[in-house]
Amino acid sequence: MNKHVIASISIAVVMAVIASCQQPGTKETPKTEPKDSLSTQQLKPTDSGYADVNGLKLYYEVYGAGKPIVLLHGSFMNIPMNWAQIIPQFAKNRKVIVAEMQAHGRTKDIPREFSYESMADDVSGLLKHLKVDSADVLGYSMGGGVAFQFAVRHPEQLRRLVVLSGTYKHDGWWPDVEAMYGTINADMFKGSPIEQQYLSYGNDSAHFPEFIKKVMSIDLKPYDWSKEVKNIKAPIFMAIGDADGVRYEHALELFRAKGGGKMGDIHGLPTSRLAIIPGTTHIGMMLHMDWMIPMINDFLDSDLNAPPPTF
């Protein structure tokens with residue numbers, strides 16, 4: 001795959017994410033920082049600000065009331081890009097906690113290695129800051145890796161785990177996807193909404209290449225949390241698209257380890273769940289949240305120890 005093809009794919013991916021999160025009938029995202037991430041809607045945060053965690057000033061917002069759920073965004077994203085359409089759906093009956101990870105959105109970078117582990121620790125610190133004892137955690141793509149590490153490192157703060165199009169091992173991605181990561185650079189994002197959003201939050205344009213390089217760094221080195229993730233005690237719902245970047249076998253391996261791969265009518269239902277969404281790409285997962293949210297709500301609300309249905 002040559003550089004020009006990769007560049008086209010990367011920009012197309014970015015544009016698809018932005019389009020999926022814009023409100024119908026609204027203009028392009030403004031270049032000035034909004035007061036909050038849903039400023040064009042009626043829904044307002046009940047709390048927002050910066051939490052001092054691990055040397056980082058982590059930007060967060062809280063919406064709604066009820067059982068808490070934490071939403072963790074994907075690479076290069078921020079709260080409005082990833083969650084603007086989704087927060088109102090969950091906030092109907094849940095407390096929705098959203099944050100912008102290190103170097104993303106309104107959370108400024110610090111001289112610290114970029115890692116799934118450190119971001120998971122930041123999420124733990126945020127929950128302590130908000131005095132939330134435990135929460136459901138949902139991570140998408142990069143956020144899925146953060147969510148897996150949160151479950152491994154801070155199990156006492158986790159109720160149930162939802163991972164959308166995320167991996168727990170570097171070769172969980174299809175080989176061509178993993179190979180593509182090393183070719184991504186700042187030139188591919190010139191003039192894109194990703195660069196515009198980065199600058200709109202007061203970042204220096206000279207540091208944009210460093211931002212891209214730093215975010216990509218976590219997927220350029222091998223990682224394998226298979227043993228730790230398979231030992232997570234909390235129920236897990238993992239979902240990928242049938243045309244995702246994540247290998248089917250990767251998701252199936254975890255599901256089998258969590259009790260899947262048996263006929264539920266005979267052996268009972270496992271407490272964890274797996275979904276492979278039809279006609280869905282990696283970015284398409286965000287476009288099909290109207291399908292996903294009912295499944296997620298059912299997983300979070302169900303008695304997972306209930307007997308299987310009978311005639």
Side-chain angles (χ1 to χ4, degrees), residues 1-17 20 72-77 82 113-117 119-120 139-149 151-152 161-189 192 194 209 211-230 232 236-258 260-261 272 274-288 292:
M1 187 179 293
N2 64 47
K3 179 178 178 180
H4 299 294
V5 172
I6 293 169
S8 298
I9 291 172
S10 300
I11 297 301
V13 164
V14 171
M15 294 303 291
V17 172
S20 74
L72 303 175
H73 62 74
S75 297
F76 312 121
M77 299 289 98
N82 216 147
E113 181 183 5
F114 198 74
S115 73
Y116 289 110
E117 292 85 351
M119 287 187 281
Y140 165 66
S141 193
M142 179 192 82
V146 177
F148 275 132
Q149 274 299 315
V152 168
L161 180 66
V162 180
V163 175
L164 308 180
S165 299
T167 62
Y168 55 89
K169 187 178 179 181
H170 68 95
D171 66 0
W173 304 100
W174 292 109
D176 60 334
V177 175
E178 189 178 2
M180 183 184 69
Y181 288 149
T183 69
I184 295 176
N185 59 61
D187 290 340
M188 297 175 177
F189 297 94
S192 72
I194 290 291
F211 165 66
I212 298 298
K213 183 177 180 180
K214 194 165 189 176
V215 173
M216 291 309 305
S217 68
I218 54 175
D219 289 312
L220 296 181
K221 53 190 175 186
Y223 61 91
D224 184 355
W225 319 317
S226 299
K227 181 179 178 181
E228 296 89 343
V229 166
K230 289 174 184 177
I232 291 171
I236 301 172
F237 177 24
M238 188 171 179
I240 64 173
D242 62 354
D244 208 317
V246 181
R247 295 187 298 110
Y248 312 132
E249 295 83 359
H250 185 68
L252 287 168
E253 183 181 336
L254 176 58
F255 184 54
R256 287 194 179 100
K258 299 296 290 181
S272 292
L274 171 67
I276 298 179
I277 311 303
T280 300
T281 65
H282 190 70
I283 295 300
M285 185 65 71
M286 289 296 99
L287 296 172
H288 288 155
M292 291 306 307

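Residues: numbered from 1 along the sequence shown. As the structure is a prediction and not an experimental result, all values here were calculated from the model.
- At a threshold of 4.5 Å between non-hydrogen side-chain atoms, the residues F76 and M142 do not count as touching.
- Here the CD1 atom belonging to I276 is positioned 7.0 Å from the OH atom belonging to Y248, to the nearest 0.5 angstrom.
- Atom CE of M188 is separated from atom OG1 of T183 by 4.5 Å, given to the nearest 0.5 angstrom.
- Across every non-hydrogen atom of S141 and G74, the tightest pair is CB-CA, 4.3 Å.
- Taking the six-membered ring for Trp, W174 and H282 have ring centres at least 6.0 Å apart.
- Without hydrogens or angle criteria, K169 side chain to H250 main chain gives no donor-acceptor distance under 3.5 Å.
- To the nearest 0.5 angstrom, I212 atom CD1 is 8.5 Å from N185 atom CG.
- Listed here is the closest heavy atom pair of M216 and I184: CE-CD1, 4.0 Å.
- In plain terms, the two heavy atoms of S115 and I218 that are nearest each other are CA-CG2, 3.7 Å.
- The nearest pair of heavy atoms linking S217 to F114 is OG-CB, 4.0 Å.
- Environment of NZ in K230: crowded, with over 12 heavy atoms of neighbouring residues, nucleotides or ligands closer than 6.0 Å.
- Exactly one residue among Y223, W225, F148 makes a ring-ring contact (aromatic ring centres under 6.0 Å, His included) with Y168. That residue is F148.
- Listed for the T280 side chain is no donor-acceptor partner under 3.5 Å among the backbone atoms of G241.
- Of all non-hydrogen atoms in D171 and R247, the two that sit nearest each other are O-NE, 2.7 Å.
- No donor-acceptor pair under 3.5 Å is formed between the side chain of H288 and the backbone N or O of T281.
- Atom CG of residue L254 and atom CD1 of residue I236 lie 5.0 Å apart, to the nearest 0.5 angstrom.
- Here the CD atom belonging to Q149 is positioned 12.5 Å from the CG atom belonging to L72, to the nearest 0.5 angstrom.
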Problem set entry | Trace of the side-chain contact (heavy atoms from CB on, under 4.5 Å) decision for V163 with F237 | CA-CA 6 Å; V163 175; F237 177 24; over 6 Å; no
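- Heavy atoms of other residues, nucleotides or ligands lying less than 6.0 angstrom from NZ of K221 number more than 12.
- Closest approach of S272 to F255, counting heavy atoms only: O-CE1, 3.4 Å.
- At least one side-chain heavy atom of I194 sits under 4.5 Å from a side-chain heavy atom of M77.
- Between L164 atom CG and D244 atom CG the span is 9.5 Å, to the nearest 0.5 Å.
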